[in-house]
Structure formats: structure tokens, C-alpha cells
Amino acid sequence: MAAVGDSDLVCGSPATLCARMRQRALTRLLLAALSGGLLCLPWIDGALYWSAWIGWVPLLFALQGSSLRQAALLGWVCGTLFYIGTAYWMVDFAIHLKGLSVPVSVLLASLFWLYAGASIAAGCLLFRLISRRLPQLDLLSFPLVIVVACALYPTLFDIRFSETQAAFVLAIQGVDLVGAQGMDMLMLLVSMLLFQVLQRNLGGGRVVPLVAACALVLAWFGYGWFTLAHWDRQAALWPSMRIGLVQPNDAPTRRIPAPPAGYSREYPEEMEATRRLSAAGARWIAWPEARYKGYFDQQSVRQAWADQILGMSSELFFHDVETRHRHATPISYNTVGWLGQEGALVDQYRKMLRVPFGEYLPGFWTLPGVNWLTTRFLGDYLREVGAGQEHVEFPVDDMRVVPKICYETAFPEFIAEAIGEDGGGKVLLFVSQDNWFGETSQPFQHRAISIMRAVENRVPMLHLINNGPSVAVVPSGRAVAGTPAFSRAEMLVDLPYSASSGGSFFSRHAQHLNVFWYGVLMVLLLLALRPSRRR
């Protein structure tokens with residue numbers, strides 16, 4: 001593939017030069033668009049994970065020789081197309097959220113795609129700024145600036161390209177050392193390596209960094225091969241606990257739904273599935289995130305559930321909206337409750353990380369006038385809820401279940417904090433309700449994200465999605481059980497675990513790794529911006 005820099009333009013008439021410049025500009029844009037397409041493919045279909053490893057190469061050819069303004073534009077084109085393919089489900093979300101028409105939903109989604117795509121634009125601009133002065137460090141600067149720009153750009157959650165790699169089990173093993181962001185950098189490094197090999201410009205002191213980068217990639221996969229075999233052996237030797245998961249596939253609704261025909265708050269349809277799973281030997285059973293169950297509000301529900309659980313031999317973990325009063329002011333929480341075998345509420349976990357614009361309004365959006373606009377658009381989707389204050393674990397025998405709710409799975413440092421220094425016997429339980437996004441790839445994306453949290457922290461994990469696909473994985477990231485998407489299902493899984501195993505280097509040092517990445521980038525920027533010395 002030939003470079004597309006402007007320095008190779010030959011002399012000619014002004015019209016000829018203008019035509020060639022337009023052609024160069026169009027070629028750059030097409031290359032940037034190609035990268036956006038390649039990068040979003042594995043978010044649409046996880047089996048296409050390989051495209052994320054080479055997806056940056058066309059963009060790198062487009063950026064070669066570009067100005068800072070051109071670099072930002074090319075990054076924006078790439079980023080916008082990437083987000084269109086990755087988050088196309090924003091259209092379905094807007095339709096289910098507000099009942100909007102398809103054209104209006106597409107318009108609103110487009111504004112989001114354009115905004116989010118600017119994160120890649122910022123990374124490309126910073127890369128060109130550094131590369132102009134420090135081209136010999138491109139192998140380091142390109143992965144670093146893209147990852148840090150995506151991490152610092154203000155969105156609902158950070159984008160991590162490695163979270164498309166759940167099907168590439170060998171490749172994801174190293175995240176227990178450096179997390180998903182560290183693997184992001186490795187994937188961008190591979191693209192930069194391919195780019196430098198394809199352009200055949202290895203002079204100027206670039207051979208040594210190239211060899212070092214190749215050695216790093218080989219070391220990553222060597223570590224993956226060794227640790228994957230290790231964790232497979234461990235899981236085969238561990239005892240297991242039989243667990244039941246109920247996947248009701250409730251339809252999305254903005255208002256509190258009535259119980260289905262034949263059921264009631266006191267006897268929801270999940271309870272019927274729970275009876276079957278308990279009879280099949282489940283030690284504990286989980287229900288997914290729900291719109292409303294009435295347990296915390298209605299005494300009759302609490303008593304009926306207690307009576308029914310008392311007749312079983314299983315613990316029950318469920319999600320519901322909990323309302324408490326503080327100084328005569330009602331405060332609602334998204335809560336996971338734990339009902340013991342005696343039917344009493346043993347403990348509860350309150351969601352700590354709330355969804356902006358869904359569960360609370362960020363500070364700016366509460367200002368007079370702005371608040372009116374926000375609540376007018378969000379309407380009854382916005383449910384102000386309080387934030388939980390601490391991580392909680394539910395001990396069942398020698399298994400320590402760590403519950404988290406929906407959106408919280410997207411934050412590696414937060415989940416690492418929940419596992420902490422003492423990870424022995426811990427199992428992650430994620431419950432979510434993804435039917436807001438329709439029958440799209442979003443629930444599959446959510447499942448892939450949660451698998452990365454299991455490998456980062458080397459603990460077993462269960463992700464129970466209301467509409468599926470739910471999954472159970474061991475610390476290597478291998479799935480041991482799963483359910484089909486967009487269907488009602490019940491799942492029994494004998495989950496391997498160890499009372500003495502759990503936690504990783506990343507669990508203990510996640511925050512320090514972020515400081516390290518940001519520090520390295522700051523050094524590169526200072527070197528690139530320092531005044532040059534001329535004779």
C-alpha cells in the first residue's frame with residue numbers, strides 16, 4: 001500500500017495539482033472510513049475479532065504526512081463510523097426510551113455518534129503532534145494517545161477495543177496484569193507494526209523499537225498460552241457449586257408493568273422457575289435486573305416470598321427498587337437483595353455507579369433552564385436514585401458472591417476494587433436488563449465486557465441478562481454455560497470455584513496502572529512540545 005503524503009506531488013499545472021490534491025484528500029478519507037468499518041466489525045459479530053488487530057492500519061496510512069487539522073478530521077471520520085457500527089442500537093434505545101419515530105431516533109443517535117467519534121479525533125491530533133517531533137517513538141505514542149484519549153473523553157463509559165476479544169481466549173489472558181486498556185495498547189501496537197512493515201521505511205533508528213515491539217507481542221501470546229493452560233487445569237480440579245439463573249425476557253417498559261396473567265407480585269413467574277431450579281439442586285438462584293417487583297414496598301410481597309423460599313433449599317438473589325426515607329425525603333436505590341433459606345432478607349447491595357441521565361443528572365444539567373430541557377426530553381425514563389456507598393459480598397458456604405448491577409460491568413477499576421486484595425472464593429454476579437436495546441448486538445457486547453472483568457480479576461463470573469444471552473465463565477474466560485438471546489430461559493450451571501483462589505495483579509494495582517499510562521503520555525507531550533535547538 002503506497003503512502004498518501006503530499007510531499008510526493010510532482011510539478012504540473014495548477015489544475016492538475018488541485019485535482020491530485022483532491023484525489024489525495026479523498027483517498028485519506030476513504031482510508032479513515034475503512035478503519036472505522038474494520039474496527040466496528042467485532043462489536044457487531046464477536047467472531048470477527050481479528051479485524052480489530054489490523055483495523056488501524058488504513059488510518060495510519062491516511063495520517064502519514066497530514067497536518068494537525070487533517071489528522072483531527074480523519075480521526076473524526078474514523079471514530080464516527082466506528083460508533084455508528086458499534087452503537088447502532090442507539091436508534092432502538094431511543095425508540096424504546098421515548099416511543100420516538102425512526103427518523104427522530106436516527107437524528108438523536110447521529111448526534112451521539114458524531115460526539116463520541118471526536119474521541120478518536122482527539123487521539124489522532126495528539127499522535128500527529130508527537131509524531132512530528134518524535135517519529136522514532138510512533139510505536140509507543142500511537143497506542144498510548146488513542147487509549148488515553150478514549151479514556152479521558154467524557155462519555156457514558158470508556159470504549160475499550162480489547163473487549164471485542166472474548167472469543168479470542170488466548171489473547172485476553174494478559175489482562176490480569178495490565179487490564180483491558182493495556183491490551184488495547186497491544187492491539188494498536190500490532191497495527192502500527194504492520195503499518196511500518198508495509199511502508200518499508202525502517203530507517204532512522206526504527207529497527208530497534210520494531211524488534212522490541214515484536215518481542216513484546218510474542219511475550220504477550222507466550223504468557224497467554226502458559227496462563228490459559230494453568231487456569232484450565234485449575235478449573236478442572238476445583239469443586240463446583242450448582243447455581244440457577246432465571247432469564248424472563250421481560251418486554252421493555254417505561255412504566256411499572258403489571259404482572260403477567262396468572263401471576264402476581266406475591267407470586268411472580270420467576271418464582272415458578274425458582275421452584276424448578278431449586279428442586280434440581282441449585283444452591284442459590286439469581287433473578288436479573290427488573291423494572292419493579294414490589295418486595296421492598298409491600299409487606300404482602302415480603303411475606304409471600306418468605307413463605308415460598310422457606311419451602312425450598314436454595315438462597316435467592318433478586319433485584320428491585322428500594323425506597324428509604326432520609327430526613328423525611330424518599331430516596332430510591334437499585335438494589336440486589338439476598339433472601340436466605342429461611343426466607344428473610346439477609347443482606348443487600350445498592351448500586352454504586354449510577355447511569356448519567358438515567359438514574360441521576362450530572363451537575364451542569366441540574367442548572368435552572370438546563371434541568372427543564374433535560375427532564376422534558378428524558379421524561380419518565382429519568383428515575384433519580386441514590387448511590388450505594390460500599391461493595392458487598394454474599395457468602396454462601398465458602399463462595400463469596402460479589403453482586404454488581406448492569407452499567408457497573410463497564411468499569412474495570414471499579415470491579416477490581418470490589419475484588420481487592422482478598423479475592424479468595426469470590427465470584428462476580430452481574431445482573432442487567434438489556435431489552436431497552438431491542439434485538440441488536442448490544443447484549444452480546446455487554447456479555448463480552450463482563451467476560452473481560454472475570455479474566456482481569458481471575459474469578460468465576462455469571463452475567464444474568466434479562467433478555468439473554470446470559471453466561472457463566474471460569475477465570476480463564478472460557479464459558480461453561482450460556483443461554484440463547486432474546487428468549488425466556490432457565491439455566492443450571494455447576495460453576496467451578498476455589499475458596500482460596502481469586503484476584504490478580506490488576507485487582508491490586510488497577511489505579512496505579514492508569515497513573516502510569518497518563519504519566520508516560522505527559523512525558524511524550526513535554527518532549528514533543530519543547531523548543532527545538534538549532535545551530
Requested in this report: Answer whether the closest heavy-atom distance between the side chains of Y88 and C40 falls below 4.5 Å.
Outcome: no

**Report entry** Sub-6.0 Å ring centroid separation between Y115 and Y153
**Finding:** yes

Report task. Kindly determine whether W53 and Q165 satisfy side-chain hydrogen bond (donor to acceptor under 3.5 Å, both in side chains), including the steps that lead there. Result -> CA-CA 10 Å; W53 294 83; Q165 303 297 301; 2.7 Å; yes

Requested in this report: I would like to know whether R160 and C150 meet side chain to side chain contact (heavy atoms under 4.5 Å, CB included); could you show each step before the answer?
Outcome: CA-CA 8 Å; R160 282 173 290 273; C150 290; over 6 Å; no

**Report entry** Heavy-atom side-chain contact between W517 and L144 under 4.5 Å
**Finding:** yes

Report task. Kindly say whether the aromatic ring centers of F93 and F112 come within a distance under 6.0 Å. Result -> no

Query raised in the report: Would a 4.5 Å heavy-atom cut-off, applied to side chains only, mark L126 and L524 as touching?
Result: no

Query raised in the report: Where do A387 and R354 come nearest, in terms of heavy atoms and distance?
Result: CB-NE, 3.6 Å

Query raised in the report: Is any side-chain heavy atom of F168 less than 4.5 Å from a side-chain heavy atom of P42?
Result: no

**Report entry** Approximate separation, where rounding is to 0.5 Å, of I120 CD1 and W76 CH2
**Finding:** 13.5 Å

Query raised in the report: Are any of the side-chain heavy atoms of C124 and L63 separated by less than 4.5 Å?
Result: yes

Query raised in the report: Any donor and acceptor pair, going by atom type alone, linking the side chain of S501 with main-chain N or O of G424 inside 3.5 Å?
Result: no

**Report entry** Pairwise distance CG(N466) to CG(N435) - rounded to 0.5 angstrom
**Finding:** 5.0 Å

Requested in this report: For A472 and L495, work out which heavy atoms get closest and say how close.
Outcome: CB-CD1, 4.3 Å

Report task. Can you measure from CG (D320) to CD (E289) and round to the nearest 0.5 angstrom? Result -> 11.0 Å

Query raised in the report: Can D138 and Q196 be said to form a side-chain hydrogen bond (donor to acceptor under 3.5 Å, both in side chains), step by step?
Result: CA-CA 9 Å; D138 283 355; Q196 292 199 351; 4.6 Å; no

Requested in this report: Check whether any side-chain heavy atom of K404 lies under 4.5 Å from a side-chain heavy atom of H391, and answer yes or no.
Outcome: yes

Report task. Give the ring-plane orientation class for W56 versus F142, where under 30° counts as parallel, over 60° as perpendicular and anything between as tilted. Result -> perpendicular

**Report entry** F127 vs I146 side-chain heavy atoms within contact, under 4.5 Å
**Finding:** no

Query raised in the report: Taking it one step at a time, do S487 and N249 satisfy side-chain hydrogen bond (donor to acceptor under 3.5 Å, both in side chains)?
Result: CA-CA 6 Å; S487 64; N249 194 29; over 6 Å; no

Requested in this report: Starting from the C-alpha separation in whole Å, work towards a yes-or-no answer on side-chain hydrogen bond (donor to acceptor under 3.5 Å, both in side chains) for W231 and Q173.
Outcome: CA-CA 10 Å; W231 287 106; Q173 300 305 308; 5.4 Å; no

Query raised in the report: Just one of Y349, F317, F318 clears the ring pair (Phe, Tyr, Trp, His ring centres under 6.0 Å) bar with F394, so which one?
Result: F317

Query raised in the report: Less than 4.5 Å apart, any side-chain heavy atom of Y407 and any of K351?
Result: yes

